[in-house]
Colleague: 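Below you'll find the structure I mean.
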Amino acid sequence: MTLGDTPREFEVDTTQRTGTVNSRGGWLTNTHATEAVFVDTLAGTTATTQPAGVGHLVIKPGKSMPLQNTCAAFTFKAGGTSYLLWTKGQPT
């Protein structure tokens, strides 16, 4: 999936997928109430366990994280079903 300047919410499940960022930077917010999302900012294999190595982050339910300006693509998945919201600016 390609992310541009428009906010976009997308489903995250047990299948690893890749997000490409056209306009680098931005924020990822886990909008699910109970399921964590696992993200690898180096676009490698995403693990759903901790610790998972360099570039690997866990976004807990209701939390946000910034993408570095150097991140052009990231991989993501969850242990169940969750949702991520990508926005160009910091979420409020």
Side-chain angles (χ1 to χ4, degrees):
M1 117 181 29
T2 301
L3 304 168
D5 290 327
T6 306
R8 182 171 176 183
E9 185 172 35
F10 48 94
E11 185 177 27
V12 181
D13 58 23
T14 58
T15 301
Q16 177 173 302
R17 293 188 168 76
T18 301
T20 303
V21 185
N22 277 347
S23 183
R24 293 189 183 186
W27 288 76
L28 291 173
T29 301
N30 182 348
T31 61
H32 197 271
T34 59
E35 187 72 40
V37 174
F38 299 83
V39 176
D40 188 330
T41 58
L42 299 176
T45 300
T46 305
T48 54
T49 58
Q50 294 178 280
V54 176
H56 190 83
L57 303 164
V58 178
I59 307 175
K60 296 188 180 205
K63 301 297 181 181
S64 299
M65 65 159 253
L67 286 176
Q68 312 91 309
N69 287 334
T70 56
C71 180
F74 59 93
T75 51
F76 57 92
K77 70 179 180 179
T81 299
S82 190
Y83 295 89
L84 278 177
L85 172 65
W86 182 87
T87 55
K88 183 61 183 161
Q90 184 172 2
T92 56

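We're numbering straight along the sequence, starting at 1. This structure is a prediction, so every number in the text was calculated from the model and none was measured.
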Colleague: Might you point out which heavy atoms bring Ser64 and Pro91 nearest each other, and give the distance in Å?
Modeller: OG-CG, 3.4 Å
Colleague: Spell out, as yes or no, whether a donor-acceptor pair under 3.5 Å connects the side chain of Thr41 to the backbone of Phe74.
Modeller: no
Colleague: Looking at Thr15, Thr45, Asp40, Thr48, which hits side chain to side chain contact (heavy atoms under 4.5 Å, CB included) with Lys77?
Modeller: Thr48
Colleague: To the nearest 0.5 Å, tell me how far Leu57 CG sits from Phe38 CZ.
Modeller: 11.0 Å
Colleague: Grab the two heavy atoms, one from Ala43 and one from Ala73, that are nearest each other, plus how far apart they are.
Modeller: CB-O, 3.8 Å
Colleague: For Cys71 versus Leu67, what's the shortest heavy-atom pair and its separation?
Modeller: SG-CD2, 4.1 Å
Colleague: Main chain of Thr31, side chain of Thr29: is a donor-acceptor contact present, judged purely on distance under 3.5 Å?
Modeller: no
Colleague: About how many Å separate CD of Glu11 and CZ of Arg17, when rounded to the nearest 0.5 Å?
Modeller: 7.5 Å
Colleague: Do Met65 and Val37 sit in one hydrophobic cluster, given that two such residues count as connected whenever their side-chain heavy atoms are within less than 4.5 Å of each other, even indirectly?
Modeller: yes
Colleague: What distance separates Leu3 CG from Met1 CE, expressed to the nearest 0.5 Å?
Modeller: 6.0 Å
Colleague: Could you state the interatomic distance from CG (Leu85) to CG (Asn30), rounded to the nearest 0.5 Å?
Modeller: 10.0 Å
Colleague: To the nearest 0.5 Å, tell me how far Ile59 CD1 sits from Leu28 CG.
Modeller: 5.0 Å
Colleague: Donor-acceptor pair, distance only, cut-off 3.5 Å: does the side chain of Ser82 make one with the backbone of Glu35?
Modeller: yes
Colleague: Tell me the closest heavy-atom pair linking Ala36 and Ala78, and the distance in Å.
Modeller: O-CB, 3.5 Å
Colleague: What is the ring orientation for Phe76 with Phe10, classed by angle as parallel under 30°, tilted 30 to 60°, or perpendicular over 60°?
Modeller: tilted
Colleague: To the nearest 0.5 Å, tell me how far Thr75 OG1 sits from His56 NE2.
Modeller: 8.5 Å
Colleague: What side-chain donor-acceptor pairs closer than 3.5 Å can you find for residues 19-26, not counting sequence neighbours?
Modeller:
unit_1	atom_1	unit_2	atom_2	d
Ser23	OG	Asp5	OD1	3.3
Ser23	OG	Lys88	NZ	3.2

